[in-house]
Structures are given as C-alpha cells and as structure tokens.
Amino acid sequence: MSIFRSIDISSSGLRAGRVRMDVIAQNIANVDSTAAPGTAYKRREVVLLADQPRRAGGLGPPSNEGGGVRVLAIREDPSPGMMVHEPSHPAANAEGYVERPNVSLPLEMVDMVAAGRAYEANASALKTGRDIAKRTLDILR
Amino acid sequence: MFRDISNAAVEKAIIGLTRRHEAIASNLANLETPGYRPRRVHFEDALQRAVERETELSDGGAGLQEIEAVQPRNRMQPGAGGSPGNMSVERELTDLAITNLHHEALTRILAKQYGMLRTAITGGGRG
C-alpha cells in the first residue's frame with residue numbers, strides 16, 4: 001500500500017486511453033487504403049483487462065480491491081471488407097476487384113469521443129490523487 | 001499522550017478516504033473494460049460505531065482498540081458484470097470530488113489538532 005498507488009492506477013488508465021487513441025487514429029488513417037482482395041487493412045481494436053490485485057502479497061486469491069487496467073492485445077476485426085470494382089487499381093485482381101478496409105468512420109468517431117472522455121476522467125482522478133498525496137504529506141509541516 | 005478519540009478517528013477516516021480514492025481511480029481506469037464491476041469502499045458506519053463504543057468506555061482513550069480495529073472494506077458491486085457500460089462515469093466523478101473535499105477537510109482538522117498540541121507544548125509562544 002503505497003501513498004502513490006492511486007496514481008499508478010490512474011496512469012495505467014491514461015496509458016490504455018492513449019493506446020486506444022493510437023489504434024483509432026490508425027483505423028481512421030487507413031479508411032481509404034484499398035488493397036488486393038484478402039490483404040486489405042483490417043480494423044483494429046484494443047482488448048482491455050482489469051488488473052486484479054491478489055491477497056497475501058500477490059499469491060492469494062483475487063481481492064476485492066480495484067487495480068489498474070492493462071492492454072491485453074490489439075485485435076484485428078476479421079469481418080470482410082467491401083469489394084469494389086476498380087480494374088485500373090494496381091492491386092486489382094483478375095476480375096478487377098479491390099478490397100476496401102472494414103473500417104467504419106462513424107464507429108471510429110464515436111469510439112474516439114468515448115476514449116477522449118475516459119482519458120479526461122482518468123486525468124482528473126490522477127489530479128485528485130496528487131492533491132490527496134500532497135495534503136497527506138503536508139500534515140508533516 | 002498525543003492521541004485521543006478524535007484524532008484517532010480522523011486518522012482512520014483519512015486512511016478510508018485514501019482507499020476510496022484508489023477504488024474510484026480503479027473504476028475510472030476500467031471504465032471501458034468488459035466485465036469489470038465497480039468497487040466501493042465502506043468505513044463510515046463501522047468507524048462511527050467504534051467511536052460510540054470508545055466514548056462509552058470513557059477510559060480517556062487509553063486503548064483506542066475499537067477505532068484501531070476499523071478496516072476500510074472493499075466491495076464489488078454485485079451483478080451487472082459482463083458487459084461494458086455498467087459504470088456511471090458521473091457517479092464516479094461525483095464520488096471523486098466528494099472524496100477530495102472530505103480529505104481536504106480532514107487533513108485540515110488533523111493539522112489543526114497537531115497545531116493545538118504544538119501551542120500547548122510551546123506555551124503559546126510565550127514560554
């Protein structure tokens with residue numbers, strides 16, 4: 001139990017938020033990158049996992065205390081992209097089709113707003129954690 | 001000699017609020033984690049009962065065991081696990097603000113109590 005535990009927790013939330021934002025930016029950047037069928041860019045999403053602190057110094061059963069959050073993986077969405085007939089495209093196949101990425105711009109926008117809000121919430125928790133630690137240390141003065 | 005019921009209770013409450021803030025930080029960090037169940041920290045009721053029992057004992061706070069025995073308790077909110085979006089960010093942020101204010105009030109009270117002791121020790125600066 002350190003005085004800075006809550007700051008560690010909030011910073012894990014900020015880190016996860018930044019990774020989410022990176023992945024969303026990558027999806028949006030690739031919204032129009034067509035490629036040969038089967039090789040198109042696939043939308044990526046972040047898989048989050050709650051860090052579960054354990055009782056008895058990390059060996060016991062999971063405790064009820066909250067922990068931080070961890071980015072478990074960045075997963076590709078396997079759903080197929082739309083096929084577009086574009087025979088002049090350098091990557092077009094024999095039938096003249098290219099595959100568009102399975103990125104949906106409105107979905108990414110909504111995710112981006114949600115990720116931004118979550119980031120702000122973690123930033124205010126971090127600020128409060130800093131205030132609490134500072135006031136606790138000020139008792140010494 | 002320097003500890004009585006009131007400053008022991010204030011210290012316990014500060015510890016409880018710090019734990020509560022950790023739980024809120026965790027809830028906010030896991031705002032979008034599937035299956036996460038929000039944590040709540042409880043200590044006020046137990047602390048109040050301990051203070052009442054301690055006052056009844058009226059041994060001048062010699063022991064303070066009742067207050068010392070109070071442990072902030074973490075609870076997972078039952079049910080509603082399994083899907084993201086069972087968290088209310090408004091509730092967490094409100095709790096965050098309230099916890100912060102309580103903590104500020106209690107640290108000031110504790111500093112005031114220590115300040116009074118210091119006044120007594122130094123004879124109000126006239127000694």
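Every chain is numbered from 1, with letters handed out A, B, ... down the list of sequences.
Hydrophobic clustering of Ile, Leu, Val, Met, Phe, Trp and Tyr side chains at less than 4.5 Å, counting indirect connections, unites B:F43 with B:V51. Under the 4.5 Å side-chain heavy-atom criterion for grouping Ile, Leu, Val, Met, Phe, Trp and Tyr, A:L49 is not connected to B:L28 through any hydrophobic cluster. A:V113 and A:M109 fall into different hydrophobic clusters, where Ile, Leu, Val, Met, Phe, Trp and Tyr are joined by side-chain heavy atoms under 4.5 Å apart, directly or via other members. Put simply, A:V71 and A:M21 are part of two different groups of oily side chains (I, L, V, M, F, W, Y) that touch within less than 4.5 Å, one to the next. Neither B:L31 nor A:M112 shares a network with the other; the hydrophobic side chains, linked directly or stepwise wherever heavy atoms of I, L, V, M, F, W or Y lie under 4.5 Å apart, form separate groups for each.
In this structure, the portions of A:T136 lying under 4.5 Å from any heavy atom of chain B include both its backbone and its side chain. Using a 4.5 Å cut-off between heavy atoms, B:L96 touches chain A through backbone and side chain atoms alike. Of the atoms belonging to A:A50, heavy atoms from both backbone and side chain fall under 4.5 Å from chain B. Neither the backbone nor the side chain of A:R15 comes within less than 4.5 Å of any heavy atom of chain B. When heavy atoms are compared at a cutoff of 4.5 Å, B:E92 does not approach chain A at all. Contact annotation for B:R40: neither backbone nor side-chain heavy atoms come within less than 4.5 Å of a heavy atom of chain A.
A donor-acceptor contact shorter than 3.5 Å is absent between the side chain of A:S6 and the backbone of B:E22. Remark: side-chain polar atoms of A:R135 are not paired, donor with acceptor, to backbone N or O of B:L106 under 3.5 angstrom.
Ranked by heavy-atom pairs shorter than 4.5 Å toward chain B, the options A:I132, A:I139, A:N122 are led by A:I132. Most heavy-atom pairs under 4.5 Å with chain B, from the set A:A133, A:A115, A:G67, A:A114: that is A:G67.
Here the closest heavy-atom approach between residue A:V69 and residue B:A29 is recorded as CG1-O, 3.4 Å. For the residue pair B:N30 and A:G68, the shortest heavy atom distance occurs at ND2-O, 3.2 Å. When all heavy atoms are compared, the tightest approach of A:S124 to B:L93 is OG-CD2, 3.7 Å.
From B:S26, atom OG reaches atom CZ of A:R5 across 7.5 Å, with rounding to the nearest 0.5 Å. Rounding to the nearest 0.5 Å places CD of A:E65 at 10.5 Å from CE of B:M76.
Within a 6.0 Å radius of CD in B:E68, more than 12 heavy atoms belonging to other residues, nucleotides or ligands are found. With a 6.0 Å radius and a threshold of 12 heavy atoms from other residues, nucleotides or ligands, A:H89 has its NE2 atom above the threshold.
Side chains of B:H21 and A:T128 form a contact here, defined as non-hydrogen atoms less than 4.5 Å apart. Counting heavy atoms from C-beta outward, B:T107 and A:D138 have side chains that stay 4.5 Å or more apart.
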- Task: Apply side chain to side chain contact (heavy atoms under 4.5 Å, CB included) to B:T33 and A:R70, showing your working.
- Result: CA-CA 9 Å; B:T33 309; A:R70 203 149 34 106; over 6 Å; no
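With sequence neighbours excluded, the residues satisfying ring pair (Phe, Tyr, Trp, His ring centres under 6.0 Å) with A:Y97 are A:H85.
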